[in-house]
Amino acid sequence: MVENHRRTLIKAAGAFGIVQLLGLGSLRAFAAGNAIRPGSGSALIVVDVQNCFIDGGTLPVKGGADVVPVINALASKFDNIVITQDWHTAGHASFASAHPGKKPFETAQLSYGTQVLWPDHCVQGTDDAALDKDLKLPTAQVIIRKGYHKDMDSYSAFEEADHKTKTGLSAYLKQRHIDTVFVTGLATDFCVAWTAMDARKAGFKAYVIEDATRAIDLNGSLAAAWKSMDRAGVKRIQSKDVVSA
Ligand code: VGL
Ligand code: ZN
């Protein structure tokens, strides 16, 4: 709000040809108009940067490893960091192998609706489910694991696929007086998008840092996800927009 107001004022000043009167300091502030400084009320959420979603894993996302240096560089700009891990049981309901006659990337009707079926991935305690070894987040404070109920998936870090069962993340953030989240990681069109939209639903301001994500993009799912996120009030930004406090 304050930023917008200031931009409007500077625009108006320019229109009247008096922009010189503002001096260089103000122009610099204007040039930095997109800069976002996360403070103690913000958290970086790093979604599912696990071996399973990176080349060599069981459900590799194209370019998945590329998010790691971007996220590592973002980490120093945040007071609060939350990591998530997709953490399935063996034989999980989201695995095609649990549905005779079905193949990965087909769908099935489960009690809570349509479920995309995936290759077996991110099974609890396996090396495939471990965080990528190059991810360096020494200051991260909590790891939220999700998708551990055998009969229900959970793309979102906030709630499971029935849109009722909570992971506890919303309460955790609220108790820590965090009201804004910046979502990064894998995959843009599934776990990142659902996390960002559920953050909105739970009353948080939500940003997705696009160049810190990569997508699966199944049947147009990436474009659809950006559309839904936009409608939900999720803001799409780039890592260069985030500056140190
Ligand atoms: C994810 C598919 C299945 C994700 C997790 O992290 O986006 N996608 N499980
Ligand atoms: Zn999964």
Side-chain angles (χ1 to χ4, degrees), residues 44-68 70-71 82-99 102-108 110 112-132 135 143-163 165 167 169 181 183-199 206 208-226 228-229 234:
L44 179 69
I45 304 185
V46 180
V47 175
D48 299 2
V49 183
Q50 295 166 264
N51 293 332
C52 29
F53 297 116
I54 289 178
D55 280 341
T58 47
L59 178 46
V61 178
K62 201 163 171 258
D66 299 347
V67 304
V68 173
V70 183
I71 292 170
V82 173
I83 295 173
T84 79
Q85 275 179 297
D86 211 34
W87 201 247
H88 297 307
T89 60
H92 191 261
S94 72
F95 297 171
S97 62
H99 304 268
K102 294 280 191 183
K103 291 202 238 7
F105 310 108
E106 294 179 354
T107 59
L110 301 188
Y112 50 82
T114 305
Q115 169 73 47
V116 178
L117 299 175
W118 304 103
D120 290 23
H121 66 280
C122 299
V123 172
Q124 302 171 352
T126 63
D127 188 53
D128 191 55
L131 295 171
D132 180 81
L135 194 65
I143 298 179
I144 296 284
R145 289 172 168 169
K146 60 186 180 60
Y148 47 72
H149 288 132
K150 193 170 185 177
D151 297 323
M152 205 189 321
D153 206 357
S154 187
Y155 294 145
S156 164
F158 288 91
E159 57 185 40
E160 301 190 24
D162 62 354
H163 299 294
T165 310
T167 64
L169 180 57
V181 298
V183 190
T184 62
L186 305 170
T188 326
D189 40 348
F190 289 93
C191 293
V192 168
W194 286 48
T195 296
M197 289 194 287
D198 283 346
V208 167
I209 307 177
E210 185 176 16
D211 58 323
T213 73
R214 288 295 182 277
I216 294 174
D217 204 10
L218 196 63
N219 306 318
S221 56
L222 180 60
W226 280 121
S228 307
M229 287 193 278
V234 175

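Read the numbers this way: they start at 1 and go in the same order the structure lists the ligands and their atoms.
Heavy atoms of Q50 stay at 4.0 angstrom or farther from ligand 1.
Residues K146 and E160 are not in side-chain contact: their nearest non-hydrogen atoms beyond the backbone lie 4.5 Å or more apart. A heavy-atom distance below 4.5 Å is not found between the side chains of Q50 and T126. Contact annotation: the side chain of V208 never approaches that of T195 to less than 4.5 Å [non-hydrogen atoms, C-beta and beyond].
Partners of F190 according to the ring pair (Phe, Tyr, Trp, His ring centres under 6.0 Å) rule, which considers only residues two or more places apart in sequence or in another chain, are W118, Y155.
Checked by distance only, ligand 1 and F53 stay at 3.5 Å or farther apart across all their nitrogen or oxygen atoms. Considering backbone and side-chain N/O atoms, C191 comes within less than 3.5 Å of an N/O atom of ligand 1. Of the N or O atoms in D153, none lie within a sub-3.5 Å distance of an N or O in ligand 1. For the pair L186 and ligand 1, the shortest N or O to N or O distance falls below 3.5 Å. Backbone and side-chain nitrogen or oxygen atoms of H88 are examined, and none is located within less than 3.5 angstrom of a nitrogen or oxygen of ligand 1.
Atom 5 (C) of ligand 1 has as its closest protein heavy atom D86 OD2, 3.1 Å.
Counting the atoms of ligand 1 from 1 in the order shown, those under 4.0 Å from a heavy atom of H121 are 3 (C), 9 (N). Heavy-atom contacts of D48 reach the following atoms of ligand 1: 4 (C), 6 (O) (cutoff under 4.0 Å).
Shown here are the protein N/O/S atoms lying under 2.8 Å from the Zn ion (ligand 2), water excluded: D86 OD2, H88 NE2, H121 NE2.
Of the options V47, I54, V192, a side-chain contact (heavy atoms from CB on, under 4.5 Å) to L186 is made by I54 and by none of the others.
The nearest non-hydrogen atom to atom 2 (C) of ligand 1, considering only W118, F190, W194, comes from W118.
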